[in-house]
Amino acid sequence: MELVSPGIGLTFWMLVSFLILVLILKKVAWKPILNMLSKREEEITTALNEANLAREQMRQLNADNERLLTEAKDERDAILNEARKVSQKMYDDAKQKAQEEGQRILADAKENIEIEKQKAITDIKNLIAEMSIDIAENVLKSELTDKDKQYQYINSRIDELKLN
Amino acid sequence: MKKKCYLAFVKFLTNVKKNMALNFCKINICKFYTFIVLGLSLLFLLPNTANAQETEEKKFDISSTIIDHVVDAYSWHIFTYKDHHVSINLPIILIDKEGVHVFSSARFHHGEATYLNYGICQEKNFKKGKIVKFNDDGTINKDFTYVDISITKNVLALFISIALLLWIFISVAKNYKKNGVAAPKGIARLLEPIILFVRNDVVRPSLKERSDKYMPYLLTLFFFIFINNLIGLIPIFPGGANLTGNIAITLVLAVLTFIITNVNGTKHYFADIVNTPGVPWWLKFPLPLMPLVEIVGVFTKPIVLMIRLFANITAGHIICLSFICLIFIFGATIPALGYGVSVVSVFFYIFMSVLELLVAFIQAFVFTLLSAIYIGMATENPHHEHEQIVEIK
């Protein structure tokens with residue numbers, strides 16, 4: 001029975017001192033401790049958020065960089081391709097032109113040669129004609145002097161002509 | 001000379017304080033307590049083995065020995081050596097018609113003498129161990145009215161524990177003020193996880209956004225019970241008083257929870273007690289069965305709180321004391337058997353003490369958790385609850 005009957009004195013002291021304890025601890029201990037704990041939690045949360053934000057920005061930045069890089073690469077490739085195409089075209093054009101020019105020059109040359117040939121043939125013909133005339137003149141002259149000789153000469157000339 | 005002595009003493013105290021604060025974190029608490037428990041159980045043995053023959057003569061009364069160790073007392077008995085009691089005499093404060101009487105408990109000579117006709121009752125059927133007024137012929141005056149607010153063993157233990165709590169938490173608070181939001185140091189590092197545990201896992205789940213208002217009370221409640229449970233495990237001064245195993249202490253704590261619950265109870269909470277939702281009308285109308293059950297429930301909740309803590313801690317102490325008493329029971333028959341049993345007893349005593357460490361925490365946790373739940377239920381936002389009921393329907 002002694003065990004389960006609360007003593008008045010102890011109850012009184014307990015009530016008074018526990019209430020005082022709660023009040024003192026509330027003011028002196030719990031307030032600063034809990035405030036500091038929640039403050040720390042807030043700071044950790046903000047720090048984490050900031051870190052996340054920074055990471056996100058970093059990621060964005062990296063993505064931007066990569067995008068820029070790929071863009072630059074693409075652009076470079078495009079430019080190079082274009083240049084290659086242009087140069088190829090220029091080369092092809094030049095080649096064609098040169099071929100055409102060569103053909104033309106060749107054709108001209110052939111024509112010239114033909115003309116020159118005709119000219120030369122004509123000259124030779126004229127020369128032969130002149131020479132024939134000269135020979136005829138000479139033959140005529142010698143015929144006039146000596147009949148035998150004339151024959152002889154004409155024969156030798158004919159021989160000569162035959163050789164030619 | 002005196003001043004020098006005083007200064008040296010203060011220096012010693014500050015050193016002890018520093019070392020304690022340093023070691024507190026380092027020493028594994030379990031080891032620490034096992035060590036103390038082991039050492040002190042040996043202390044228990046020493047003087048009494050010397051008295052082995054005496055106890056044989058006196059006939060060892062186990063139940064009164066155990067109960068005397070568990071209940072309150074007017075002086076703090078530390079040990080007995082060869083019939084010489086070493087104890088702290090505490091002030092006795094009595095208020096009666098003649099006024100206030102304050103005197104030392106030494107005047108009772110361990111219950112053998114009376115002072116102003118007041119004495120300690122030895123009769124088993126009436127207020128045993130309490131102060132009673134005697135008539136001149138030596139019989140107890142049962143009609144005499146007086147109020148006994150003596151500083152008993154448990155009151156002193158209460159003051160010591162409160163001083164300890166204040167010292168611990170003021171230094172923790174100082175630590176936080178000094179360190180700011182940086183990681184805690186020293187004793188704060190030890191206590192922060194516990195404070196956070198109470199705040200996040202005990203109070204907040206049941207009180208939600210109303211937590212801050214009740215946090216100081218619930219935190220104080222938790223640490224008061226926890227520290228006193230631990231101090232109660234130390235078998236010798238300044239421990240040894242079975243404070244949280246005293247029904248007066250648990251009564252005050254339960255009554256405080258009861259008051260806070262019902263003072264802060266919302267209209268909705270009281271309306272639910274009178275008109276319980278979700279039960280058929282015939283349980284309420286001609287015979288108000290459910291309201292009766294609910295009203296009884298309002299009172300049984302704190303009563304259960306009170307009894308749970310009291311019974312758990314007292315039971316632990318009784319078991320520990322029983323193991324120690326076993327030594328003397330066996331020692332009374334054959335002394336050698338007493339020595340033999342002491343090994344087993346001390347082993348079990350240590351085992352129980354370690355178990356009690358767990359119980360110390362669990363009981364503090366349960367008391368705080370249930371207090372938080374009761375307060376939370378009483379102060380819950382009605383809108384919220386309505387929604388829940390609709391959902392259930």
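To find a chain, count down the sequence lines: A is the first, B the second, and so on, and within it residues start at 1.
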Taking the six-membered ring for Trp, are B:F169 and A:W30 parallel (under 30°), tilted (30 to 60°) or perpendicular (over 60°)?
-> tilted
Minimum heavy-atom separation for [X] to [Y], with atom names?
X	Y	result
B:K177	A:M36	CA-CE, 4.5 Å
B:A173	A:I33	CA-CG1, 3.9 Å
A:S5	B:I247	C-CG2, 3.9 Å

Does the side chain of [X] reach to within under 4.5 Å of the side chain of [Y], using non-hydrogen atoms?
X	Y	answer
B:N154	A:W13	no
B:F310	A:V4	yes
B:L219	A:L34	yes
A:R40	B:N179	no
B:L256	A:L15	yes
A:L37	B:Y176	yes
B:T220	A:K26	no

When heavy-atom pairs shorter than 4.5 Å are enumerated against chain A, which of [options] gives the highest number?
options	value
B:D148, B:I249, B:T152, B:L251	B:I249
B:K130, B:M215, B:R199	B:R199
B:I195, B:V255, B:N175, B:I93	B:I195
B:S171, B:G180, B:A188	B:G180

Measure A:L19 against the heavy atoms of chain B and call it side chain, backbone, both or neither at under 4.5 Å.
-> side chain
A:L10 versus chain B, heavy atoms under 4.5 Å apart: side chain, backbone, both or neither?
-> both
Determine the option with the most heavy-atom pairs under 4.5 angstrom with chain B, choosing from A:I8, A:I20, A:T11, A:L23.
-> A:T11
Heavy-atom proximity to chain A below 4.5 Å, by part of [X]:
X	answer
B:A182	backbone
B:V147	side chain
B:K174	neither
B:T314	side chain

Would you give the length of the straight line joining atom CG of B:L158 to atom CG of A:L21, rounded to the nearest 0.5 angstrom?
-> 8.5 Å
Hey, is CD on A:E75 packed in by over 12 heavy atoms from elsewhere, all under 6.0 Å?
-> no
Heavy-atom neighbours of A:E66 CD exceed 12 at 6.0 Å | no
Out of B:I162, B:L166, B:L165, which residue meets the side chain to side chain contact (heavy atoms under 4.5 Å, CB included) rule with A:I24?
-> B:L166
